Amino acid sequence: MNDLIRLSNLTVTYERHPAVHHISGGFAAGSLTAIAGPNGAGKSTLLKAIVGELRPAEGSVDRGPLTRNDFGYLPQAADMNRLFPISVADTVMLGAWKNAGAFGRFSRKDAERARDALGIVGLSGFESRHIGSLSAGQFQRVLFARLLLQDARVILLDEPFTAIDQRTTRDLLDLVLRWNREGRTVIAVLHDFEQVQSYFPETLLIARELVGWGRTEDVMSPTNLIKARAMAESWDEEAEACLPEEEHDSGELAKREPAE
Ligand code: ADP
Ligand code: MG
């Protein structure tokens, strides 16, 4: 298999409580995958582990030849601070930081590319606006412009269309599909099942543990969706991770059976 990113028995914990548990599988190069699952299922945690923001407590993420610069990551809106006093143009140009010279200077070319990117997301003329003055949809367009500038091989999006107007969602979804046509690997956490089924050929369905990973039509079956909800509802927040030093015993100390 030509997987670009491989997860092997990946467990990620917060203070030893597992948020993502024993996930294994791969993202093929150039694939377009939705990550779906109930609230609190570990979707954002999984994305952060893939991009390297969180380290595995157990298992691994194999990124092959990829480095941090190959990843474009858009966190969930709630994780972002818009009070920071920065203009639209500067926010977009941050996407070019990997091209900036040793002293962090942006070139005239970067400024031109930022302007072009803003044009593509429909925000020409917004360059000098403060990001705090934008609507949620406009701000998301800015962040997509930044991703355009970043030109990453792998793009990770965490609920990019939540609380975003329909018109913006359609425009930005077009951009996602374009990125994928260009051969980029795109992974997006989505809560809208219709979007998943209409646009994402692959789905990873998670409820702390893996429920299914493969073709969307197979994974998003009614049986799997019911199973995911039951697993999420019965998850023990206080369970300890089954870390290697505890494994001499049963090896699966924190693993529980999903509710029937
Ligand atoms: P999702 O994105 O699917 O809603 P998350 O990955 O955000 O789920 O969260 C999974 C679990 O981990 C939840 O129980 C959540 O409360 C917990 N969690 C998430 N972030 C943190 C954190 N920074 N510290 C402690 N617990 C966290
Ligand atoms: Mg989340």
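Order of appearance sets the numbers: ligands from 1, and atoms from 1 within every ligand. For clarity, every value in this text was computed on a predicted model and none was experimentally measured.
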Original post:
So, E53 side chain and V51 main chain: donor-acceptor pair closer than 3.5 Å or not?
Top reply: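 Flag not set: sc E53 to bb V51 has no pair under 3.5 Å.
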**OP:** For the pair E217 (side chain) and Q197 (backbone), establish whether a donor and an acceptor sit closer than 3.5 Å, ignoring hydrogens and angles.
**Re:**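 Judged by distance alone, no pair lies under 3.5 Å.
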**OP:** Taking atom CD of Q166 as the centre, report whether more than 12 heavy atoms of other residues, nucleotides or ligands fall under 6.0 Å from it.
**Re:**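 Open.
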Original post:
Would you say R229 has more than 12 foreign heavy atoms packed within less than 6.0 Å of its CZ?
Top reply: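 Incorrect, the count does not exceed 12.
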Original post:
Hey, is the Mg ion (ligand 2) within less than 2.8 Å of some N/O/S atom on S44?
Top reply: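 It does: S44 brings an N, O or S atom closer than 2.8 Å to the Mg ion (ligand 2).
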Subject >> T45 near the Mg ion (ligand 2): N/O/S under 2.8 Å >> reply: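 So T45 does not bind the Mg ion (ligand 2) by this criterion.
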Original post:
How long is the span from the CD1 atom in I120 to the CG atom in D174, to the nearest 0.5 Å?
Top reply: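 Between I120 CD1 and D174 CG, I get 12.5 Å after rounding to 0.5 Å.
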Subject >> Atom pair CZ/CZ of R184 and R153 - distance to nearest 0.5 Å >> reply: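 Spacing of CZ (R184) from CZ (R153) equals 10.5 Å.
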Original post:
Any idea which residues sit under 4.0 Å from ligand 1, heavy-atom distances?
Top reply: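 Residues within 4.0 Å of ligand 1: Y14, A19, P38, N39, G40, A41, G42, K43, S44, T45, R208, E237.
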Original post:
Under 30°, 30 to 60°, or over 60°: which ring-plane class applies to H21 and W235, parallel, tilted or perpendicular?
Top reply: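 Answer is perpendicular, since the angle exceeds 60°.
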